[in-house]
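All ligand and atom numbering here is 1-based and tracks the order in the structure.
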Amino acid sequence: MSIILAIESSCDDTSAAVLQDDTLLSNIIASQKVHEQYGGVVPELASRAHQQNIIPVVDGAIREAGIKKEDIDAVAFTRGPGLMGSLMVGVSFAKSFGQALGKPLIEVNHLQAHVLSHFIHKPESPEKPEFPFICLLVSGGHTQILLLRSHFEMEVLGQTIDDAAGEAIDKAAKIMDLGYPGGPVIDRLAKEGNPDAYHFSTPQIQGYDYSFSGIKTSFLYFLRDRLKEDPDFIEKHKADLCASIQKTIVGFLLKKVERAALDHKVRQVAIAGGVSANSLLRSELQRICDKHHWQAFIPPFKFCTDNAAMVGIAGYFKYLKGDFADISLPPYTR
Ligand code: KG4
Ligand code: ZN
């Protein structure tokens, strides 16, 4: 039996979790509101907020788990990728905390952690993906189709050659002045709109790769033309615009995932990362999997966006291997 304390501070959420083996005992997330007024994450403000949040968040996670500091067997932390100033706070804290307790450190890759969140034990749905399976990793910074051969063997079958899917969604929302982060707002407004109201074409990209910067640009030009004729165009057609752009992005994402699963004869498909909270992506993945008699793995909402629980499960698998980190390891941004 092992108790792992996990820390995540790669972007704008400060989070700490405690796991007993693969079971989550606590998962505290402090989201930083300060960035909303700027329409995006301001790195300098993010690292300051992490500095303010880290001790209360870790304290809360330990308290809620009902353990004592001395019960902790290892401290896992996100080493990268992410914002340097943000990572520094979590990494430095984890190192000093581990050092003070005399416990080993475990470094975790943020992207692997998103994928491994599917292995956190859930009493209500105990089934876990079996290797090999495919995972679409879609976050604010990354878009990848991965083939998982084991917990830490992830082959990148395809990825975006420019913007991430989450970035494209956030930019579309910004163009319409819907606030930051745009993903949840577009998701909500799209429910009242007609997804076939407007057509936005997707680029022809080889293999399993993606490109999202063209979709964003064509959306921008389309709106500019319409606004010339009607300054209230966005306000009047917001829901239809959200539904149409969401359908375009989700359709593009899943077309390649379906192809990859067919080509690799894989019968289990998972999604992970912030954009996996999107309701259309979730329902469309389920529909495609049902059609092929595949099994879909869709994470609970709390494990989609950044959280330390996923860092903890990745840490747990490394703990089992005895894969510990040196105290001198620096964070990495990419
Ligand atoms: O994984 P994440 O929390 O942070 C990164 O590692 O980047 O992902 C954040 C991204 C943002 O782009 C946000 O707009 C998007 O996830 N997102 C969504 C939804 N919830 C969050 N995108 C679409 N629909 C949602 N419901
Ligand atoms: Zn993330």
Side-chain angles (χ1 to χ4, degrees), residues 6-15 17 27 29-32 35-36 39-41 43 46 50 77-83 86-87 90 108-118 135-144 146 159-160 163-176 178-191 193 195 212 215-216 242-254 270-285 298-314 332-334:
I7 291 163
E8 154 67 36
S9 74
S10 64
C11 189
D12 61 341
D13 294 304
T14 321
S15 180
N27 183 35
I29 305 170
S31 297
Q32 305 178 358
H35 309 287
E36 282 169 11
V41 177
H50 283 305
F77 62 89
T78 301
R79 185 180 169 201
L83 301 169
S86 292
L87 288 164
V108 170
N109 175 291
H110 182 83
L111 305 177
Q112 286 186 341
H114 269 302
V115 178
L116 293 176
S117 65
H118 284 286
C135 183
L136 172 71
L137 172 65
V138 268
S139 70
H142 294 84
T143 304
Q144 298 182 326
L146 301 163
Q159 58 188 324
T160 181
D163 293 351
E167 210 174 335
I169 293 174
D170 289 341
K171 282 178 182 167
K174 196 168 180 175
I175 294 167
M176 293 186 279
L178 299 179
Y180 179 88
V185 188
I186 292 210
D187 194 346
R188 182 165 46 79
L189 289 172
K191 291 193 168 77
F212 287 99
I215 298 174
K216 175 196 67 196
C242 288
S244 302
I245 195 78
Q246 176 178 270
K247 184 187 173 188
T248 304
I249 291 174
V250 167
F252 186 36
L253 284 170
L254 289 179
I271 49 176
V275 183
S276 64
N278 184 266
S279 19
L280 184 68
L281 182 65
R282 296 165 81 91
S283 61
E284 279 298 285
L285 176 71
I298 298 167
F301 287 111
K302 62 179 179 208
F303 299 148
C304 291
T305 46
D306 291 346
N307 64 85
M310 65 185 197
V311 179
I313 191 74
Y332 53 83
T333 55
R334 47 194 303 137

Contacting atoms of ligand 1, where contact means under 4.0 angstrom from a heavy atom of N278: 23 (C), 24 (N), 25 (C), 26 (N)

SB check K191 D187 (cutoff 4.0 Å): yes

Under 3.5 Å: donor-acceptor pair, side chain of T143, backbone of A165: yes

Heteroatom test (N, O or S) for H114 near the Zn ion (ligand 2), limit 2.8 Å: yes

H114 neighbourhood, listing ligand 1 atoms whose heavy-atom distance to it stays under 4.0 Å: 1 (O), 6 (O)

Region of D306 engaging ligand 1 - heavy atom pairs below 4.0 Å: both

H114 (side chain) donor-acceptor with D306 (main chain) under 3.5 angstrom: no

Residue portion contacting ligand 1 (non-hydrogen atoms closer than 4.0 Å) for D170: side chain

Numbered atoms and elements of ligand 1 in range of A277, under 4.0 angstrom, heavy atoms: 20 (N), 26 (N)

Test item: T78 side-chain N/O and E8 main-chain N/O as donor-acceptor pair under 3.5 Å: no

Heteroatom test (N, O or S) for H110 near the Zn ion (ligand 2), limit 2.8 Å: yes

Donor-acceptor under 3.5 Å (D12 side chain, V41 main chain): no

H110 neighbourhood, listing ligand 1 atoms whose heavy-atom distance to it stays under 4.0 Å: 6 (O)

Exam field: side chain S86 to backbone C11, donor-acceptor pair closer than 3.5 Å: yes

Per-atom contacts, ligand 1 versus G166 - under 4.0 Å to a heavy atom: 12 (O)

Heavy-atom side-chain contact between H142 and P81 under 4.5 Å: yes

Atoms in ligand 1 with a heavy atom of G141 nearer than 4.0 Å: 7 (O)

